[in-house]
Amino acid sequence: MLSMLCALCGCGAPQPVHREHFAMGTVAGITVYNTRHAQYIDECFTLLNELEAEVSINVPESTISRLNEAGSAQLGGETDAAKILLAADRVYTESGGAFNAGILPLQQLWDIGGRSDGDPLPADDDIEQARQLSLGGFDIGQSGDTVSIKLGEGHGLDLGGIAKGYAGDRCADLLKERGVKHALINIGGNVRTVGGREFRIGLRNPRGTADELYAVVTVGETNVITSGDYERYFTTGGERYHHIFDPDTGRPARSGLLSATVIGGDGAIADGLSTAIFVLGRDEGLALAEGMGYEAVVVADDYKVYCTGGIADALEITDDKFELVSP
Ligand code: FAD
Ligand code: MG
């Protein structure tokens, strides 16, 4: 989900270099603060292409497409696909299945990106059938350097809700290996900061245009990852049908939230967690974040903002239509 970026805090910040690249179905933008580091931005874009080729369901020969085809796979423990699948399994377990990478049958049935306003909804029976095929997640085990995955009959994986967060961390690692001290990485709204100084990250107004904020959060080096119902959706019968599904209903989640932002160290976990919180709703979602050692900010459909205790002091509401309810 897109969240606006503000730049590095502190006066006298050196001249930034910002480049953008289309990958993973979205725009990735990277900013470094030293012209000599600009070359490393391009290396990150190559890395994003490689990750997309490995885990995209839209690439027929990707690891995930082949896994969905075969129903099982044995992967090297150090592969990106294995690491993302292990993270997906962890968030699935911790969220009680609210985050479920096995969502592909529902995602394909609803085809949110392919429907237009006014289009009919999938039939109830088809929704229930796809929901059954999405339940149960997937079996995953690790022995030595091998990660084995097994899917249920007719099941399929879609890492759309977690792989961008993982990709942000991989880019941050690459930049730091090259000696980059400060950088801002934004992959379709999944923000990853690099460097010890403060960053002010804008959180997008979920009912505004792409450059309208409702808040700014001041952070150090971390992930700031948002999921919401405002990027991919169609409306029919006055209802908004978006791309984050509640595995319990087989329909777009109706949790009373418009967006969920997670702040924390592991990008894949934060990305999966933002999706899970959007499905679970305010109380269960914020408790889940705290239980996993992450901070979170959610916007409810009455424009009230709720957050975990550890981020309240770093959060500044910038649009008075929104009201922060203190934790
Ligand atoms: P998030 O909340 O982070 O994720 C929502 C996405 O996760 C949904 O789109 C769905 O894929 C999945 N999901 C829905 N409900 C759940 C749930 N309950 N639990 C777990 N997962 C769920 N988009 C394109 O249009 N074309 C592409 O070719 C394309 N390729 C991509 C390749 C990769 C490797 C990745 C990571 C994404 C790609 N995307 C592509 C975008 C992708 O389809 C999602 O729309 C996008 O990642 C959603 O991110 P988000 O932050 O908006 O929402
Ligand atoms: Mg996500």
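As the structure is a prediction and not an experimental result, all values here were calculated from the model. All values below were derived from every heavy atom in this structure, side-chain atoms included, with hydrogens, water molecules and symmetry-related copies excluded. Start at 1 and go down the list; that is how both ligands and their atoms are numbered.
Proximity annotation for atom 32 (C) of ligand 1: of Gly188, Ser56, Ala167, Ser56 comes nearest, heavy atoms only. Here the shortest heavy-atom distance to atom 16 (C) of ligand 1, taken over Ile57, Thr275, Val262, Ile187, belongs to Thr275. Compare Ile103, Ile112, Asn190 by their heavy atoms: the one nearest to atom 13 (N) of ligand 1 is in Ile103. Within the set Ala260, Gly161, Ser227, the minimum heavy-atom distance to atom 4 (O) of ligand 1 is found for Gly161. With distances taken over non-hydrogen atoms, the option nearest atom 25 (O) of ligand 1 out of His242, Arg232, Gln107 is Arg232.
The hydrophobic cluster containing Phe99 does not contain Ile112, counting ILVMFWY residues as joined when their side-chain heavy atoms lie under 4.5 angstrom apart, directly or transitively. A continuous path of ILVMFWY side-chain contacts below 4.5 Å connects Tyr166 to Ile162, so both sit in one hydrophobic cluster.
For the 3.5 Å distance criterion, the side chains of Glu43 and Gln39 fail to qualify, holding no donor opposite an acceptor.
Residue Ile244 has at least one heavy-atom neighbour below 4.0 Å for each of these atoms of ligand 1: 2 (O), 14 (C), 15 (N). Residue Asp271 approaches ligand 1 through these ligand atoms, each under 4.0 Å from one of its heavy atoms: 3 (O). Ligand 1 places these atoms under 4.0 Å from at least one heavy atom of Val55: 34 (C). The ligand atoms of ligand 1 that sit less than 4.0 angstrom from a heavy atom of Asn100 are 17 (C), 19 (N), 20 (C), 21 (N). Set against the non-hydrogen atoms of Ala163, the atoms of ligand 1 under 4.0 Å away are 36 (C).
For Glu212 (side chain) and Thr209 (main-chain N/O), a donor-acceptor pair under 3.5 Å exists by modelled atom type. The backbone N or O of Leu286 sits nowhere less than 3.5 Å from a side-chain atom of Thr308 that would complete a donor-acceptor pair.
Not a single heavy atom of Glu231 sits less than 4.0 Å from an atom of ligand 1. Heavy-atom separations between Ala98 and ligand 1 include at least one value shorter than 4.0 Å.
For ligand 1, one of its N or O atoms has an N or O atom of Met24 under 3.5 Å away. Backbone and side-chain nitrogen or oxygen atoms of Gly160 are examined, and one is located within less than 3.5 angstrom of a nitrogen or oxygen of ligand 1.
Using a cut-off of 2.8 Å, one finds that Gly161 contributes an N/O/S atom close to the Mg ion (ligand 2). Here Ser227 fails the criterion, with no N, O or S atom under 2.8 Å of the Mg ion (ligand 2).
Between Asp111 atom CG and Phe234 atom CZ the span is 9.0 Å, to the nearest 0.5 Å. One finds the OG1 atom of Thr26 at 9.0 Å from the CD1 atom of Ile187 (value rounded to the nearest 0.5 Å).
Ion pairing of Asp117 with Arg240 is absent here, as no side-chain N (NZ or NE/NH1/NH2) approaches a carboxylate O to less than 4.0 Å.
Looking at Asp271, its N, O or S atom nearest to the Mg ion (ligand 2) turns out to be OD1.
Of the residues listed (Asp271, Asp266, Asp169, Thr193), the one engaging Asn223 in a side-chain hydrogen bond (donor to acceptor under 3.5 Å, both in side chains) is Asp169, and it is the only one. Checked options Leu104, Ile84, Asn68; the residue passing with Leu157 is Asn68 (criterion: side chain to side chain contact (heavy atoms under 4.5 Å, CB included)). Among Thr31, Ile30, Ile41, the single residue meeting the side chain to side chain contact (heavy atoms under 4.5 Å, CB included) criterion with Val17 is Ile41.
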